[in-house]
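Written out below as structure tokens is the structure these notes cover.
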Amino acid sequence: MEADEKYLWWQSGVIYQIYPRSFQDSNGDGVGDLTGIRQRLDYLQWLGVDAVWISPIYPSPMADFGYDISDYTGIYPLFGSMADFDALLQEVHERGMKMILDLVPNHTSDLHPWFLESRSSKDNPKRDWYIWQDPTPDGSAPNNWLSVFGGSGWEWDEKTGQYYYHAFLKEQPDLNWRNPEVQQAMLDAMRFWLDKGVDGFRVDVMWHMIKDDQLRDNPPNPEYKQSMATYEKLIPAFSTDQPEVHDVVVKMRQLVDEYDERVIIGEIYLPIHRLVTYYGTDNNGAHLPFNFMLINMPWDARQIAAAVDEYEGALPDGGWPNWVLGNHDKPRIASRIGKSQARVAAMLLLTLRGTPTLYYGDEIGMTDVAIPPDEIQDPQGLNMPGLNLSRDPARTPMQWNDSENAGFTDGKPWLRLPHTYSRVNVEKEKQDPFSMLTLHRRLLELRKQEPALSTGSYVPMSADGNVLAYRREHEDTKLLIVLNLGHTTCYYEPEKLHLEGEVILATIPEREGMQVDTILSLQGDEGLVIRLRN
Ligand code: GLC
């Protein structure tokens, strides 16, 4: 049985994030590319994902590995040509899959022609495309705003005697989204890709796009500690999440609504009650404001259960949920909670209600790779040394097989691989019925077969000790998911429910086929999907 027709692909499907530098190199330069991705589409189809989101592939000086764009409608030559892109998009579509591009509208590269013009003189027509301000009388920065990547958010421009604002690197000046010309230019870039047929955008740092019009100082963060990134010293009350940002999101949404079934995903790190405002009024905002709850919170059954309930309760009518366990900015799930528990996390991600996004490599249980200090590439790591904030460990090349460099490249990989890649790789795990990859493939398959999982309702059951349990239901189908978020054995005896059913999928596959009733005893790190008979 296929998922209900009335749901759209981005509701019933599963998204897979590709970090293009690290997926597959096709020409031996040590950096992944578009043709490499194309060569691996068989794998993605076999795995059973429905859409790929590709981190930025546009021309860029690579100060922040592509999140500093110097041309919104081109392709970075190391990734390939526009013809390579077209070929990739066509093949993705031929396989019935979708492609989502990364859009970085908050800031450009400092080498983007717009910024070069803007900084050339105070009366340049593009001056107001960025956020320029006079110094305070003593010459210091206009306010106390900080850069996410360390230090002040303001950079002094000697030539024109003003500061410009950059929420990230000084090589990533923030655009002034209050300027209608900026809005139009970015919407035009979006249209360029929509006309080519891309299926949507993941919008980078959506909640940063508009800043306080009076540029007021941010208040101090009473919870700041020395071990935190310097950005955490202040609460970004005036530099992010301003009410006017929603007008911008609506404009983006109106544009994609001119096309068929395209999607807008917003990257937004905010508490749930703020996050859900990005669905807009009557759902005129982002289709999927990314929900990073599982990345940010402690791995604790009660807290997760409460947070899922809060999220389900906070969603606006018609707002579709989504879940994320990892991305290119955060430590990998298998490193955060351990390899065994990562199997339980996979079951959680792929059985909760809402669109899951899988981060490349998590499906084979890749862990963070320790990158020696003299090999660090990530500006966040380089700018704040000693705080262990480099994002390189979660961005290492995909491990395909046990040949040199795991089949990623014939050249020297841009980031080193772990010593374990000869055991942890796609080819080995494909053969192994107990592998993380097999578990993912089977979960994805079950999700496709069971509307209860892809689009069914969510019924919270309980969170007791380390156990998290819930049901997913569709018509007569009732699936009970029971997850042990701890490493030791535990027991689950749901009140008022006479359990009767059969285990249809388990993190420990030997459990499958087992009949269950009354009390369930669970191994540590165990997760079960049970088809209930009552
Ligand atoms: C987003 C991206 C991150 C990037 C930042 C600045 O958070 O995910 O990788 O560094 O925006 O563009």
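Note that ligands are numbered from 1 as they come in the structure, with each ligand's atoms numbered from 1 the same way.
- At distances below 3.5 Å, at least one donor-acceptor pair connects side-chain atoms of Gln377 with backbone N or O atoms of Trp414.
- Ring to ring, Phe23 and Trp400 are close: their centroids are under 6.0 angstrom apart.
- Side chain to side chain, Gln172 and Asp110 fail the donor-acceptor criterion of an N or O pair below 3.5 Å.
- For the ring pair (Phe, Tyr, Trp, His ring centres under 6.0 Å) test, residues two or more places apart in sequence or in another chain that qualify with Trp154 are Tyr165.
- Contact residues for ligand 1 (protein heavy atom closer than 4.0 angstrom to any ligand atom): Asp64, Tyr67, His107, Phe149, Phe168, Gln172, Arg202, Asp204, Val205, Glu267, His328, Asp329, Arg391, Arg395.
- Remark: Trp299 pairs with no residue by the ring pair (Phe, Tyr, Trp, His ring centres under 6.0 Å) rule, at least two apart or across chains.
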For residues 345-371, tabulate all N or O donor-acceptor pairs below 3.5 Å that involve a side-chain atom, not counting sequence neighbours.
{"unit_1": "Thr351", "atom_1": "OG1", "unit_2": "Met347", "atom_2": "O", "d": "2.6"}
{"unit_1": "Thr351", "atom_1": "OG1", "unit_2": "Tyr470", "atom_2": "OH", "d": "2.6"}
{"unit_1": "Arg353", "atom_1": "NE", "unit_2": "Glu312", "atom_2": "OE1", "d": "3.3"}
{"unit_1": "Arg353", "atom_1": "NE", "unit_2": "Glu312", "atom_2": "OE2", "d": "3.0"}
{"unit_1": "Arg353", "atom_1": "NH2", "unit_2": "Glu312", "atom_2": "OE1", "d": "3.1"}
{"unit_1": "Thr355", "atom_1": "OG1", "unit_2": "Trp10", "atom_2": "O", "d": "2.6"}
{"unit_1": "Thr355", "atom_1": "OG1", "unit_2": "Gln11", "atom_2": "O", "d": "3.4"}
{"unit_1": "Thr355", "atom_1": "OG1", "unit_2": "Trp320", "atom_2": "NE1", "d": "3.0"}
{"unit_1": "Tyr359", "atom_1": "OH", "unit_2": "Ala394", "atom_2": "O", "d": "2.7"}
{"unit_1": "Tyr360", "atom_1": "OH", "unit_2": "Arg395", "atom_2": "O", "d": "3.3"}
{"unit_1": "Tyr360", "atom_1": "OH", "unit_2": "Thr396", "atom_2": "N", "d": "3.4"}
{"unit_1": "Tyr360", "atom_1": "OH", "unit_2": "Thr396", "atom_2": "O", "d": "2.5"}
{"unit_1": "Asp362", "atom_1": "OD1", "unit_2": "Arg332", "atom_2": "NH1", "d": "2.7"}
{"unit_1": "Glu363", "atom_1": "OE1", "unit_2": "Gly361", "atom_2": "N", "d": "2.7"}
{"unit_1": "Glu363", "atom_1": "OE2", "unit_2": "Tyr16", "atom_2": "OH", "d": "2.6"}
{"unit_1": "Glu363", "atom_1": "OE2", "unit_2": "Tyr43", "atom_2": "OH", "d": "2.6"}
{"unit_1": "Asp368", "atom_1": "OD1", "unit_2": "Arg332", "atom_2": "N", "d": "2.9"}
{"unit_1": "Asp368", "atom_1": "OD2", "unit_2": "Arg332", "atom_2": "N", "d": "3.4"}

